[in-house]
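The next block holds one structure in the form of structure tokens; read it before the comments.
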Amino acid sequence: MSLNPNAKLYKTRSLLEFFDRSRPRDRACLEAFKRELDMPWALYHVRRLFLLSSDGSGKHRPVLRSTERVDLGRPHQLAHRLAAKAERFRFDVEIDPLYGRARTWVRPRAQGWPMAEEFFVTAPAHVINKQDPNFEQEWQAHLFGAATQLPFT
């Protein structure tokens with residue numbers, strides 16, 4: 001959910017939304033989940049391209065993705081660093097007060113294809129760097145070289 005905020009396990013709800021803190025069994029599960037998050041976290045730079053087929057048919061191409069780990073640390077430490085950087089560039093920051101995840105959108109997702117999205121987010125440090133083949137060329141072609149970047153690297 002950190003790397004893809006639109007991903008829900010059950011249509012429009014995440015698994016966490018099924019738990020009720022007022023019920024002891026659910027509270028125990030949520031506390032166990034919180035303990036699982038007590039590990040090193042990372043700050044990730046996530047970019048996605050939602051492109052149309054080049055044959056003029058208007059069909060959607062598979063989404064191209066790039067995920068890059070920018071930094072390692074504790075959740076609140078990384079959230080603070082992200083918020084400070086984002087503030088300098090006047091980007092809003094979303095912070096999850098319960099679990100400490102932070103996200104700032106550099107380029108929010110638009111309504112229709114083709115489009116690009118770009119954000120920085122904190123999450124447990126389990127995700128490896130990955131990028132689809134030809135992503136950078138497609139990114140530059142789509143944005144005409146006008147990509148906005150926060151100077152984290």
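In what follows, residues are counted from 1 in the order of the sequence shown.
Ion pairing between a basic and an acidic side chain is recognised when a charged N comes within 4.0 Å of a carboxylate O; R61 and E138 show such pairing. Looking at R48 and E117, a side-chain N of the basic residue comes within less than 4.0 Å of a carboxylate O on the acidic one, giving a salt bridge.
The two residues R109 and W105 make their nearest non-hydrogen contact at N-CZ3, 4.3 Å. Contact detail for H142 and P114: the closest heavy-atom pair is CE1-CB, 3.7 Å. Nearest approach of V63 to R65, heavy atoms of both residues: O-NH1, 3.1 Å. A42 and R69 get closest at one heavy-atom pair: CB-CG, 3.7 Å. When all heavy atoms of V93 and A86 are compared, the closest pair comes out as CG2-CB, 3.4 Å.
With hydrogens and angles disregarded, a donor-acceptor distance shorter than 3.5 Å links the side chain of T122 to the backbone of A102. Y44 contributes no side-chain N or O that, together with a main-chain N or O of I128, makes up a donor-acceptor pair within less than 3.5 Å. With D71 contributing its side chain and L43 its backbone, the two residues share no donor-acceptor pair below 3.5 Å.
The CZ atom of R103 sits 10.5 Å away from atom CG of L82, with the distance rounded to the nearest 0.5 Å. A distance of 12.0 Å separates CZ of F119 from CZ of R47, quoted to the nearest 0.5 Å. Taken to the nearest 0.5 Å, the CZ atom of R23 stands 11.0 Å off from the CZ atom of R27. The distance from atom CH2 of W139 to atom CG of N134, rounded to the nearest 0.5 Å, is 15.5 Å. For the atom pair T104 OG1 and D92 CG, the distance stands at 7.0 Å (nearest 0.5 Å).
Of the candidates Q131, H45, E118, S66 forms a side-chain hydrogen bond (donor to acceptor under 3.5 Å, both in side chains) with just one, namely Q131.
Between K59 and L52 the shortest side-chain heavy-atom distance does not fall below 4.5 Å.
Both L143 and L51 are members of a single hydrophobic cluster when ILVMFWY side chains are connected at heavy-atom separations under 4.5 Å. Linking ILVMFWY residues whenever their side-chain heavy atoms come closer than 4.5 Å, directly or via other members, leaves V46 and L72 in distinct clusters. Hydrophobic clustering (side-chain heavy atoms under 4.5 Å, transitive across Ile, Leu, Val, Met, Phe, Trp, Tyr) keeps F135 apart from M115. Residues V106 and F50 do not share a hydrophobic cluster, clusters being chains of Ile/Leu/Val/Met/Phe/Trp/Tyr side chains in contact below 4.5 Å.
Atom CG of D26 has more than 12 neighbouring heavy atoms from other residues, nucleotides or ligands inside a 6.0 Å radius.
By the ring-ring contact (aromatic ring centres under 6.0 Å, His included) test, H60 is found to be paired with W113, residues two or more places apart in sequence or in another chain being considered. Taking the side chain to side chain donor-acceptor pair (under 3.5 Å) definition, one finds that E87 meets it with nothing, sequence neighbours left out.
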Test side-chain contact (heavy atoms from CB on, under 4.5 Å) on E94 and R101; report intermediate values, then the result. CA-CA 8 Å; E94 307 162 5; R101 179 187 62 234; over 6 Å; no
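Judged by a 6.0 Å distance limit and a 45° cone about the ring axis, R74 is not positioned over the six-membered ring of W41.
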